[in-house]
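To find a chain, count down the sequence lines: A is the first, B the second, and so on, and within it residues start at 1.
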Amino acid sequence: MVRFLAMTANGLNDLNNPLTTSMLKPRVRFAPSPTGALHIGGVRTALYNYLFAKQHGGTFILRIEDTDQNRFVPGAEAYIIETLKWVGLLPDEGVAFGGDAGPYRQSDRKDIYQRYARELVERGHAYYAFDTPDALDARRQSEENFTYNYLTRSSLTNGLTLSPSEAQARVAAGEPCVVRLLVEPGQAIHVRDLVRGDVVFQSSELDDKVLLKADGMPTYHLANIVDDYLMRITHVIRGEEWLPSTAHHVLLYRGFGWEDTMPQFAHLPLILKPFGNGKLSKRDGAKFGIPVFPLEWNGATPDEHFSGFRDTGFLPEAVINFLALLGWHPGGEQEIFSLSELIEAFSIEHISKGGARFDYEKAKWFNQKYIQAADNAALATHIRPLAAAKGYATSDDFLAKVAALMKERVTFLPDFVEEGYYLFEPVRHYDDETLQKKWNAGLTPIFEELTARLATFEPFESGDLEGVVKNFISEKGLKPGDVLPLLRLAFAGTMKGPAVFDMAAALGRAETVERLRRFLAHAASFHAVGV
RNA sequence: GGCCCGUUCGUCUAGGGGUUAGGACGCAAGAUUUUCAUUCUUGUAACACGGGUUCGAUUCCCGUACGGGCUACCA
């Protein structure tokens, strides 16, 4: 970031320089692989890319990295797109979003990579290799630490050991082969990481990575460099698992002669399991009973079914807020950030270096805070399908009342109907323990009279109801504590829930009176049997 | 094994050569609330270890330990 600002400052002095002017408007990409449900860590990577781009008026690009045909999973690409839409991180360019640097799906760019692979061979920075995967596996079996590198390549079958004419002939004959990066030993390769500073690798430690596979598809390494170059990517913000191979990437930029426009790198700390060791994995969801994916995912087999934050009942804003603070913090004491506040506050230098443990309790707290702050009409739209699924037929007006009454006591969206079931359906079970404590036969006429009074009382609003009922209670020489808990039982059946008069007002006159009558019937029978 | 990265309360983190090491989640207690919850108050709890450098290190350097990542014709 410091570096970035420095470069933008230079750019202001030299607007003719395409590199520095492009730095004024960064172009970043989120480049997931469609191999299954998008991991929540991927969503965070997308978020950081998005925040960085938006803060600087730059461009956020979605690129689909589907170069591994064996791991392709149908539906995964659509899942990624739906996730980005749900959390509100809309790409400016990319698969399904248009743009003039496409195509944005790597499988649609196959010929481009082949062309560049050939170019790199011609430039002397890569070579054809004819060793079969089986042959290499055999070497790995027999040699403890076998690596395809400057020490071993002379003993393998490739464009360096074969005569040029023979190698050409083999390629021309269509013999299966790969293209490998030619790594020259003896160089120190510096990666200037925006999060970690200068990271140095010795080229002699690096292997001759495969760039183009025998099936004609590129590996990540080649595709990534070619695409970032052609798409004019200025900053690569990705997970820490890519840090070791960044040395290879630097070599590729050099080999192509693109070092001048090489993007800057920022490697993000990983998200760790909530308990135990290791990074968060998809199995942890089932193991700990928590979502680790944004959306529900239904794979081919039952054990490939995962629930997500959305179907668990999280608000996307809460997920974004939670994720933003998992590995980054601006330094103040603010915890709640809207997306636009995040765009404002984000900075790469405040990204933490250490891995962040996935703290589900904190995620729940964020959701609770966002539900509390949401307006009732908005909540009503979220509750509507949940209520419908339960078979409750209700109006938007009533749902907004439910939202108002319940929003301070729920954590997840489905809690509105799960916890607040009594607002939607008649009381089926009364808390008889409380009933036994509070009820006595002498109350019957009093409740009958109260019911009659409420049957005609106007206006049927919470404050007015409270006034009339409390007056009635004192008229009868009773205390609120004698009657209110019983009214609560009448309306909800349970001792938990919103204020008694709020419930009555939300339920409306007819339902309130009906519930009082049913309660009286129950109390009478309970008394007869129970005491 | 090799290479690379990391390490402040249980968790997410702020901070930074001299601080009562701050906030948030969680947990505990209290207040408010006729219930539950919300809200408020208070409490709980941390600089991994060992050497340096320094008048002084949690902060800088080096080791160690521990954790993590990479080490495929996967990304």
Nucleotide B/C3, atom P - distance to CD of A/Glu240 in whole Å: 17 Å

Less than 4.0 angstrom from a charged side-chain N to a carboxylate O is my criterion; do A/Asp68 and A/Arg71 meet it? yes

Could you check how far CG of A/Asn321 sits from C1' of B/C25, rounded to whole Å? 13 Å

Carboxylate-amine/guanidinium contact A/Glu408 A/Lys369, below 4.0 Å: no

Is a salt bridge present between A/Lys213 and A/Asp215, judged by a nitrogen-to-oxygen distance below 4.0 Å? no

A/Arg357 near the nucleic acid: base, sugar-phosphate alone, or nothing, with a heavy-atom cut-off under 4.0 Å? sugar-phosphate

Here's one to test your reading of the geometry: is the NZ or CZ of A/Arg63 within 45 degrees of the ring axis of A/Phe30 and under 6.0 Å from its centre? no

Mind checking who B/C60 pairs with, Watson-Crick or G-U wobble, both distances under 3.5 Å? B/G52

Residues of residues 137-151 of chain A with a heavy atom under 4.0 Å from any atom of RNA chain B, listed by number, are A/Arg140, A/Asn145

Set out, in order, the CA-CA distance, both residues' side-chain angles and the distance that settles side chain to side chain donor-acceptor pair (under 3.5 Å) for A/Ser352 and A/His329, then state yes or no. CA-CA 8 Å; A/Ser352 328; A/His329 198 279; over 6 Å; no

Could you give the NZ-to-C1' distance, from A/Lys273 to B/G69, as a whole number of Å? 14 Å

Strictly by modelled atom types, are A/Asp66 and A/Ser107 linked by a side-chain donor-acceptor pair under 3.5 Å? yes

Distance check: side-chain N/O of A/Lys213 vs OP1/OP2 of B/C74, anything under 4.0 Å? yes

Do the side chains of A/Arg105 and A/Glu77 get close enough for a salt bridge, i.e. N-O under 4.0 angstrom? yes

Atom-to-atom span, CD of A/Glu333 to P of B/C12 - whole angstrom: 19 Å

Could you state the CG-P distance from A/Leu272 to B/U13, rounded to the nearest angstrom? 10 Å

Just compare B/C4, B/U34, B/G6 and give me whichever is closest to any side-chain atom of A/Phe201. B/C4

Quick note, A/Glu241 side chain, CB onward, closest among B/G23, B/A75, B/G67 is B/A75

Can you tell me how far P of B/G10 sits from NZ of A/Lys362, to the nearest Å? 15 Å

Whole-Å distance separating the CG atom of A/Leu206 from the P atom of B/C70: 16 Å

Name the one of A/Phe358, A/Phe337, A/Phe314 that satisfies ring-ring contact (aromatic ring centres under 6.0 Å, His included) with A/Phe322? A/Phe358

Suppose we define a pair by two distances each less than 3.5 Å, Watson-Crick or G-U wobble; what does B/C9 pair with here? none

Whole angstrom is fine here: how far is it from CG in A/Asp193 over to C1' in B/C3? 16 Å

Indicate whether OP1 or OP2 belonging to B/U35 is found under 4.0 Å from a side-chain N or O atom of A/Thr494. no

Proximal nucleotide (of B/G6, B/C70, B/U35) relative to the A/Met495 side chain: B/U35

Protein within reach of the bases, or only the backbone? For nucleotides 38-49 of chain B, mark each nucleotide 5' to 3' as B, S or -, using heavy atoms under 4.0 Å. SS----------

Using both distances under 3.5 Å as the test, list the Watson-Crick or G-U wobble partner of B/U38, or none. none

Below 4.0 Å: OP1/OP2 of B/C70 and any side-chain N or O of A/Ser245: no

Measuring to OP1 and OP2 of B/C73, would you say a side-chain N or O of A/Arg180 lies under 4.0 angstrom away? yes

Which one, B/A14, B/C70, B/C5, comes nearest to the side chain of A/His329? B/A14

Check this for me: does any side-chain nitrogen of one of A/Arg196 and A/Glu240 sit under 4.0 Å from a carboxylate oxygen of the other? yes

Ring centres of A/Phe309 and A/Phe293 under 6.0 Å apart? no

